[in-house]
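Values below: all heavy atoms of this structure, side chains included; hydrogens, waters and symmetry mates excluded. For clarity, every value in this text was computed on a predicted model and none was experimentally measured.
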There are 2 protein chains.
Amino acid sequence: MGRAALSPDAVVDLALRVVDEEGPDALTLSAVAGRAGVATPSLYKHVRSLAELRVLVSGRVMGELTEIASEAVLGRSGDEALRALMDGWRSYAARHPRRYSALIQAPRPETAEAGDRLIGIMFAALRAYGLEGSAAIHAVRCLRAAMHGFAVLEAAGAFRLAEDLDESHALLAHMVISGLHTARER
Amino acid sequence: MGRAALSPDAVVDLALRVVDEEGPDALTLSAVAGRAGVATPSLYKHVRSLAELRVLVSGRVMGELTEIASEAVLGRSGDEALRALMDGWRSYAARHPRRYSALIQAPRPETAEAGDRLIGIMFAALRAYGLEGSAAIHAVRCLRAAMHGFAVLEAAGAFRLAEDLDESHALLAHMVISGLHTARER
DNA sequence: CTGAAAGGCTAATGGCATTAGCCAATGCGC
DNA sequence: GCGCATTGGCTAATGCCATTAGCCTTTCAG
């Protein structure tokens with residue numbers, strides 16, 4: 001084996017740095033190669049294409065989000081778990097806005113496993129509400145939509161007014177929670 | 001003036017067609033030029049750059065969304081108005097998923113006016129709840145997050161299970177509404 | 001009828017992804 | 001210690017795209 005200064009993981013590390021510092025649109029093979037101190041075509045020894053690199057980056061971000069989410073839910077249940085999950089999610093996105101923007105929504109086989117774990121955590125966070133079958137699925141979808149919507153907008157800087165974002169987010173959590181508590185008699 | 005076969009608006013029309021048929025990533029000056037039956041550089045007589053074209057496309061989409069939203073709210077109030085707004089929003093995004101994905105979140109001066117009108121409609125939809133000052137702003141943010149999150153995920157095909165999406169969306173609306181009704185005593 | 005501007009064109013430049021094919025170092029099996 | 005396959009780097013070449021420069025024709029205002 002030649003000297004392994006680089007590896008697929010190392011390439012993804014560098015890619016994440018590019019994303020964090022210059023935004024997702026600046027994620028380019030030549031930018032990564034520049035940071036690696038290597039000629040662009042050399043990256044193809046570690047990564048199949050730019051498209052694949054994007055998927056790998058997205059997978060890494062999903063993994064980080066999964067870690068945050070599972071810590072948030074651990075040892076909590078019910079409203080408390082849900083609030084912690086939502087807060088953790090939001091704070092990750094706020095701390096790493098460009099990274100969050102690099103998340104790929106469209107389902108891809110390569111990130112399916114990471115995505116499923118994330119969804120699994122949401123199900124777990126909702127366990128205390130005793131939702132059966134379809135009801136749990138609808139609830140997870142709504143939770144996902146709420147968290148993702150808020151995160152995307154905040155990351156993009158779309159909330160321009162001075163009002164406290166923590167308070168806005170607390171209201172969002174309240175909506176989800178109160179909606180779940182009153183979902184039966186709809 | 002030379003024969004005006006093309007115009008900025010016409011270019012945006014063609015761009016929208018490209019987006020609808022091939023997705024936002026396929027929006028390229030040369031693709032638009034191809035459809036216009038014109039050489040790529042000729043487009044620069046109508047549009048400053050690809051970046052500007054994207055902004056124009058986004059503005060057009062915002063305009064369409066504004067129209068849908070204002071129709072939905074017209075003549076309704078309270079829960080009914082809110083549900084109609086959310087349904088209209090979702091159905092636009094579902095009908096034109098790629099177009100919806102071409103919406104630019106980051107605030108830009110060029111689309112500020114269109115964006116403000118859209119926000120204005122959300123405020124109007126919430127009028128019946130009697131929210132004062134900051135409370136209204138937090139509510140609009142949450143409404144936006146919920147609608148946008150659901151729309152993005154649905155447009156990206158991120159909801160993969162067979163469960164009825166109408167029902168999921170109805171639950172989301174229920175969350176927003178019930179959260180608003182119980183927001184005082186938080 | 002004239003001339004200026006509008007709107008099209010071709011040519012040229014430079015960034016980027018990707019492919020092909022070359023070469024050096026490395027470390028495994030002997 | 002040693003040969004050699006593999007690994008991982010390199011350069012060269014291709015092709016697509018955005019963008020700029022500079023030209024030419026058509027059209028319309030006066």
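Using a 3.5 Å distance cut-off with no hydrogens or angles, the side chains of B:T40 and B:S30 do not pair a donor with an acceptor. Residues A:D87 and A:Y92 have side chains that never bring a donor and an acceptor to within less than 3.5 angstrom of each other. For the residue pair A:H138/B:D164, the side-chain donor-acceptor check at 3.5 Å is not satisfied. Inspection of the A:H148 and A:Q105 side chains reveals an N or O donor paired with an N or O acceptor under 3.5 Å.
The stretch residues 19-41 of chain A comes close to DNA chain D through A:V38, A:A39, A:P41, each having a heavy atom under 4.0 Å from the strand. If you check residues 45-53 of chain B against DNA chain C, the residues with a heavy atom closer than 4.0 Å are B:K45, B:H46, listed by number.
Regarding contacts with the backbone of C:dC9, a side-chain N or O of B:S42 is found under 4.0 angstrom from either OP1 or OP2.
Between A:D20 and A:R95 there is no salt bridge, since no side-chain N of the basic residue sits under 4.0 Å from a carboxylate O of the acidic one. We find that A:R99 and A:E21 are not joined by a salt bridge, their nearest charged nitrogen and carboxylate oxygen being 4.0 Å or further apart.
Hydrophobic clustering, with ILVMFWY side chains joined whenever heavy atoms are under 4.5 angstrom apart, groups B:W89 together with B:F123.
Residue pairs that meet the side chain to side chain donor-acceptor pair (under 3.5 Å) test with at least one member in residues 45-62 of chain A, sequence neighbours left out, are A:D13-A:R60.
Between the P atom of D:dT20 and the CG atom of B:L43 lies a distance of 13 Å, rounded to the nearest Å. Spacing between atom CG of A:L6 and atom C1' of D:dG9 amounts to 10 Å, rounded to whole angstrom units. The CZ atom of B:R54 sits 11 Å away from the C1' atom of D:dA18 (whole-angstrom rounding). Taking atom OH on B:Y44 and atom C1' on D:dT20, their separation rounds to 9 Å, with Å as the unit.
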